[in-house]
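Written out below as structure tokens is the structure these notes cover.
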Protein chains: 2
Amino acid sequence: MRWNKISDAVIRRLPLYLRVLDELSVETDQELISSHDLGEKAGVGSALVRKDLAWFGEFGKQGVGYEVGFLRNELRKILNLDQEIPVALVGVGSLGIALTRYHLKRFEEDKSFNLKQVALFDIDPKKIGTIAEGIPVFSISEAATKVKELNINMVMIAVPAEGAQEVANVFINAGIKGILNFAPIKLKVPDEIHVGDADFALELQRLAYYI
Amino acid sequence: MRWNKISDAVIRRLPLYLRVLDELSVETDQELISSHDLGEKAGVGSALVRKDLAWFGEFGKQGVGYEVGFLRNELRKILNLDQEIPVALVGVGSLGIALTRYHLKRFEEDKSFNLKQVALFDIDPKKIGTIAEGIPVFSISEAATKVKELNINMVMIAVPAEGAQEVANVFINAGIKGILNFAPIKLKVPDEIHVGDADFALELQRLAYYI
DNA sequence: TAGATTGTTAATCGATTAACAATC
DNA sequence: TAGATTGTTAATCGATTAACAATC
């Protein structure tokens, strides 16, 4: 990476900060923010905010704080969100469709959300070749071709648990770098592939503990 | 709680272990599992598996391992999943509907997923009073009544960001204990309320860093 | 100048891992 | 009995917080 081995705990908070800065620049004309305020809005201590940002540069001014627009821009660059990132989704079921709609809405509304959904994949012949929510549905057998053609480097997997590992393998072989996995299964992937888990059932079960 | 102050990091792994044990008892007739194997399938070190479980009791036998069925049962009890837990969802948009379908499927297929969706809520008069996916849609103004009547103690919030905090407030006042929040906003809640964040856009943005 | 807030170092806190005696 | 694996303690590792000199 461009900065050597910054902890994932740090990276996870950057989108949180970015979200706060986006809100600020849309909803207010506030031009400066302190680490204290930014932390409060993001749910993070102010010292940690400063430490996180300091990994990437000196973005603030002593006695003043951080410039909202500038910091927002820097965070976008760090997260590669200053360019449009093509993303695909596999599994055109009701969850897949809903995620796609939600994604499209987010892409329209939120200027920093530069992840563009460009392709859908499924195995159902009835779905392949159709257009869903304005996005073409391809066969999973076309993965390698389409990943290259459309420059896709991230996929969301929204297929049943049984198929998820196989789908992951196919797309990893096709050359993608990141997976957001909605299936209730622990994917086995090579070290260089990053996986985000988005199985909301796990989270619900965790919350049940505290009832 | 029944065990005093066990770290949330521990609690988060329990549903992971439970998922592995569920698979095992459905797909194989394996009756014993070692902390090593359980850890491998859950993506956790074996020492940590033993330490996590040891917080709640002595569930294993030296030289033998853990009984799959027994441990599964114990984990269910610990997570309160040995009883049906009534859950509601707020926001009957396409995301809400998809989550509901997914939830219902999961509830049918997965014996340990004892979280039952019993009510939907929305503000749209056209939706209120209807039945979606077999579940009645109530007005958010009925929250207090329905939460008591149906014994709801967890809600999933799938409304736009602008409305999420207000919805959270209403349901917290109605007496719920846990929130699974799909809206892209940091909810402010009292200490005793537990919130799970399920904004998949944040996770996608994180993954973008590693491209 | 006086007040505020950064960037950074040192101190603390918590979580994971290693190791091993106990024992099935 | 010999081999395996637990439960648990001690060691390590990493992440967060406190504190403060530098400086806007």
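Since the model is a prediction, treat every value here as computed from it, not as a measurement. Below, chains carry the letters A, B, ... as their sequence lines are ordered, and counting in each starts from 1. Side chains are part of it too, since the values below use all heavy atoms of this structure and drop only hydrogens, waters and symmetry mates.
- From the 5' end on, the contacts that DNA chain C makes with chain B at under 4.0 Å to a non-hydrogen atom open and close at dA15(C) to dC24(C).
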Original post:
Yes or no on side chain to side chain contact (heavy atoms under 4.5 Å, CB included) for Arg13(A) and Asp52(A), after CA distance, side-chain angles and deciding distance?
Top reply: CA-CA 8 Å; Arg13(A) 286 185 294 264; Asp52(A) 284 346; 2.6 Å; yes
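- Looking at every heavy atom in both residues, Lys186(B) comes nearest to Arg19(A) through N-NH2, 3.4 Å.
- For Glu40(B), the CD atom is loosely surrounded, since the number of other residues' heavy atoms within 6.0 Å does not exceed 12.
- If you check every strand for non-hydrogen atoms under 4.0 Å, Ser46(B) touches nothing.
- Under the side chain to side chain contact (heavy atoms under 4.5 Å, CB included) test applied with Glu133(A), the options Val92(A), Ile97(A), Leu120(A) reduce to a single match, Ile97(A).
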Subject >> Pairing pattern in dot-bracket form [Watson-Crick, G-U; both distances under 3.5 Å; | = partner strand] for DNA chain C >> reply: ..||||||||||||||||||||||
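- Where Gly45(B) and Lys61(A) each meet DNA chain C at their nearest nucleotide, the meeting point lying more 5' is that of Lys61(A).
- Ring geometry for Phe121(B) versus Phe138(B): interplanar angle of 30 to 60°, hence tilted.
- Using a 4.0 Å cut-off between charged side-chain N and carboxylate O, Glu203(A) and Arg12(B) make a salt bridge.
- Mapping Arg13(A) and Arg50(A) onto DNA chain D by nearest heavy atom places Arg13(A) at the nucleotide closer to the 5' end.
- Under the 30°/60° scheme for interplanar angles, the aromatic rings of Phe200(B) and Phe182(A) are found to stand perpendicular.
- Residue pairs meeting the ring-ring contact (aromatic ring centres under 6.0 Å, His included) criterion with at least one partner in residues 57-89 of chain A, sequence neighbours excluded, do not occur; the list is empty.
- Backbone-only engagement by Ser7(B) is indicated by non-hydrogen atom pairs under 4.0 Å involving sugar-phosphate atoms exclusively.
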